[in-house]
Amino acid sequence: MDFNIGIEDVGAAVLQELWSKVTFQAMEIVTETRDVVLEKDSLQEFSRSISELSTLLRALDAKRVESAMGLESTKAALETLNSQLREAAKIIKGYKSGSCLRLLLHSHSIRLQMQNLSKEMAMTISSFHLVNLDMSLNLKTMMDQIINNLRSIEFRSTVATETLAFEIENSISQHSRNQENSMKLLEKIAEAVGARENASLVQNELALLKQEKEEMEDQKKQAEALQLAQLIQLLYSTEIVTRPQNEEISMHHQQYPINSFICPLCNEMMADPVAIFCGHSFERKAIQDCFNRGERNCPTCGEELQSLELTPNVSLRSSIDEWKLRDLDLKFQAAVSGINSNDYSRQNKALENMQFLIEIPRYAIKVAEGGLVPKLVEFLKHKRLDTSATLKCLYYLAKHCDNHKEVIVEAGVVRRIVKQIYRGEKGPDAIAVLLELSKKETLREKIGETKDCIPLLVSLLQNDNPDVSQKAKSTLQNLSCNTSFVIKMAETGHFQPFVARFNQGFSSSFSLSFFFFLNRHAWHNTLLPLFP
């Protein structure tokens with residue numbers, strides 16, 4: 001009996017906490033709505049209903065509601081309402097802190113979201129069955145009024161806002177834009193948000209749009225990121241502020257209707273675009289899945305399809321491939337600019353991008369021919385820079401640019417890597433650079449003669465990482481063409497190349513080195529059993 005009472009107490013405590021959360025969430029919405037400029041009238045009408053809901057929740061007793069509905073039903077209804085309020089708060093915060101340009105462009109879809117949320121809240125509040133509760137007439141009247149208001153509220157925008165949203169969408173879809181037209185559009189935007197069309201407004205909007213674009217890219221939302229890039233370009237076309245040289249976004253992005261590259265079904269850039277009977281295009285797998293579910297109408301226009309045949313859209317695919325190529329070129333230019341800057345954060349961002357771009361041979365060749373090799377080798381000295389990304393860049397330079405391997409060695413990369421490994425950085429990237437460089441016969445002498453290089457490689461043969469130990473072994477194998485290096489390896493405990501050379505037969509130079517080595521180290525008893 002005591003155990004059951006304990007459970008009931010815990011359930012009541014959890015419910016009371018949830019009730020408080022919902023009340024707090026409602027009050028937060030009221031606070032957030034006060035300073036909103038866009039969609040002010042509709043949002044404030046919504047806020048008044050939420051304010052009344054907050055008052056109602058504070059006046060009601062959670063335990064009495066639970067008695068009327070049951071613990072689980074009350075908890076489920078509160079959790080749903082809390083989730084709906086949280087979503088509404090997120091949208092309203094976006095009105096205050098997000099880009100005004102983006103909000104204007106998406107004003108219709110945002111209003112629709114808020115209207116649907118209002119109706120869902122009304123339904124959730126109705127599910128509490130508060131009319132069955134013994135409460136005052138005033139509270140019952142208030143509850144009915146809240147439900148009716150939330151059901152009937154209409155999030156309407158002015159004709160001016162709708163026209164402005166259309167003009168923004170029309171402008172960003174154009175292949176080129178006129179500075180005068182862009183300025184006129186900016187004036188209208190400034191008037192809509194109660195600001196002045198000056199550099200401060202543009203700079204603030206650019207900062208917000210760039211931040212939002214990065215977030216969309218991190219979330220792999222390509223369509224949204226591309227649209228934000230177009231909005232950024234629109235602001236730059238006003239010429240109120242100058243675009244930084246290292247900016248990745250470019251006019252090249254506007255040479256194609258980017259939105260047509262995005263599949264409306266999967267919201268990703270198409271890799272294998274196909275056209276259906278009505279002429280609209282989709283990613284092959286996405287539309288095929290749609291047809292497999294029994295759909296027989298076009299997802300875009302709704303037309304009933306006479307045939308489900310898929311036709312490769314060769315022209316669209318060619319445009320997408322060309323855009324991707326241009327996009328890579330722009331990213332490469334931005335990475336080069338970042339590497340040449342004197343700012344650590346820019347250099348790290350550039351290295352982060354370059355390590356992937358340089359996997360493509362033509363970019364590796366451009367880096368080498370652009371004289372960036374010494375700079376990248378110098379980066380290995382700086383602890384504040386991304387060593388791993390730098391080593392990856394150097395590896396692909398060595399792999400793809402055989403004619404520039406000597407430049408890499410002459411820049412001092414071997415010594416830098418040796419020092420790094422002695423400091424405890426024993427990742428496979430560093431050894432991969434040495435291995436790739438040692439494949440060029442004319443460089444082996446310079447590599448092997450670098451102070452501590454051979455002893456270090458021998459020590460790495462016992463590394464826990466099999467990739468590191470195997471790369472170290474292969475590098476030593478490449479260096480074993482030199483007799484003096486074979487002797488060095490044996491002196492540090494790696495005898496395999498020494499034994500292999502012995503078994504191949506004596507040359508006069510190796511014969512002398514061999515017996516000199518034995519006499520010098522008095523290792524007759526240790527080494528002789530290794531020989532047949």
Side-chain angles (χ1 to χ4, degrees), residues 36-41 94-111 156-217 222-262 319-320 322-323 325-327 329-331 333-334 337:
V36 169
V37 176
L38 289 171
E39 310 293 353
K40 183 176 181 179
D41 293 341
Y95 271 105
K96 291 178 65 176
S97 59
S99 159
C100 295
L101 199 56
R102 188 185 183 198
L103 285 168
L104 284 166
L105 181 61
H106 295 291
S107 58
H108 177 74
S109 61
I110 294 172
R111 288 196 307 275
R156 293 179 178 174
S157 64
T158 63
V159 175
T161 301
E162 289 182 356
T163 304
L164 187 53
F166 173 77
E167 287 183 27
I168 294 169
E169 186 169 7
N170 187 50
S171 178
I172 65 173
S173 65
Q174 293 175 3
H175 293 183
S176 60
R177 28 186 88 80
N178 177 283
Q179 188 265 347
E180 184 181 350
N181 290 339
S182 296
M183 275 301 302
K184 286 179 180 177
L185 185 56
L186 182 65
E187 288 173 13
K188 293 178 183 179
I189 293 167
E191 185 180 353
V193 300
R196 296 179 62 186
E197 67 280 9
N198 53 22
S200 177
L201 172 64
V202 174
Q203 287 167 347
N204 185 55
E205 281 293 300
L206 282 170
L208 289 169
L209 287 169
K210 288 175 186 178
Q211 181 183 341
E212 290 170 11
K213 178 175 175 288
E214 284 184 11
E215 289 170 0
M216 292 300 104
E217 288 171 339
Q222 293 177 313
E224 289 88 340
L226 287 170
Q227 189 176 70
L228 288 165
Q230 292 171 318
L231 291 173
I232 291 168
Q233 174 57 32
L234 170 62
L235 287 175
Y236 277 129
S237 67
T238 63
E239 298 181 15
I240 287 182
V241 296
T242 305
R243 179 197 303 281
Q245 288 187 353
N246 66 308
E247 194 90 22
E248 288 184 17
I249 304 162
S250 165
M251 281 293 291
H252 290 300
H253 277 130
Q254 307 305 317
Q255 292 185 0
Y256 299 105
I258 301 301
N259 290 337
S260 68
F261 294 173
I262 306 299
S319 294
I320 291 172
E322 186 175 347
W323 185 89
L325 188 61
R326 287 178 182 275
D327 187 54
D329 284 343
L330 292 166
K331 286 178 178 176
Q333 291 166 17
S337 175

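Note that the numbering runs from 1 along the sequence shown for the chain.
Residues Ile189 and Ile168 are in side-chain contact: their nearest non-hydrogen atoms beyond the backbone lie under 4.5 Å apart.
The structure places CG of Leu186 at 12.5 Å from CG of Asn181, a figure rounded to the nearest 0.5 Å. To the nearest 0.5 Å, atom CG of residue Leu231 and atom CD of residue Glu205 are 9.0 Å apart. Taken from CD in Glu239 to CE in Met183, the straight-line distance is 10.0 Å, to the nearest 0.5 Å. Note that the CD atom of Gln233 and the CG atom of Leu206 stand 10.5 Å from one another [nearest 0.5 Å].
Listed by chain and number, the residues in a side-chain contact (heavy atoms from CB on, under 4.5 Å) with Lys188 are Leu164, Glu167 (sequence neighbours excluded). Here Asn198 pairs with Arg196, Ser200, Leu201 under the side-chain contact (heavy atoms from CB on, under 4.5 Å) rule; sequence neighbours left out.
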Please assess Leu185 against Thr238 for the test side-chain contact (heavy atoms from CB on, under 4.5 Å), listing each intermediate value before the final yes or no. CA-CA 9 Å; Leu185 185 56; Thr238 63; over 6 Å; no
Walk me through it: do Ile240 and Gln203 pass the test side-chain contact (heavy atoms from CB on, under 4.5 Å)? CA-CA 9 Å; Ile240 287 182; Gln203 287 167 347; over 6 Å; no
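At least one donor-acceptor pair under 3.5 Å links the side chain of Glu212 to the backbone N or O of Ser99.
Ion pairing between a basic and an acidic side chain is recognised when a charged N comes within 4.0 Å of a carboxylate O; Lys210 and Glu214 show no such pairing.
Within 6.0 Å of CD in Glu191 there are 12 or fewer heavy atoms belonging to other residues, nucleotides or ligands.
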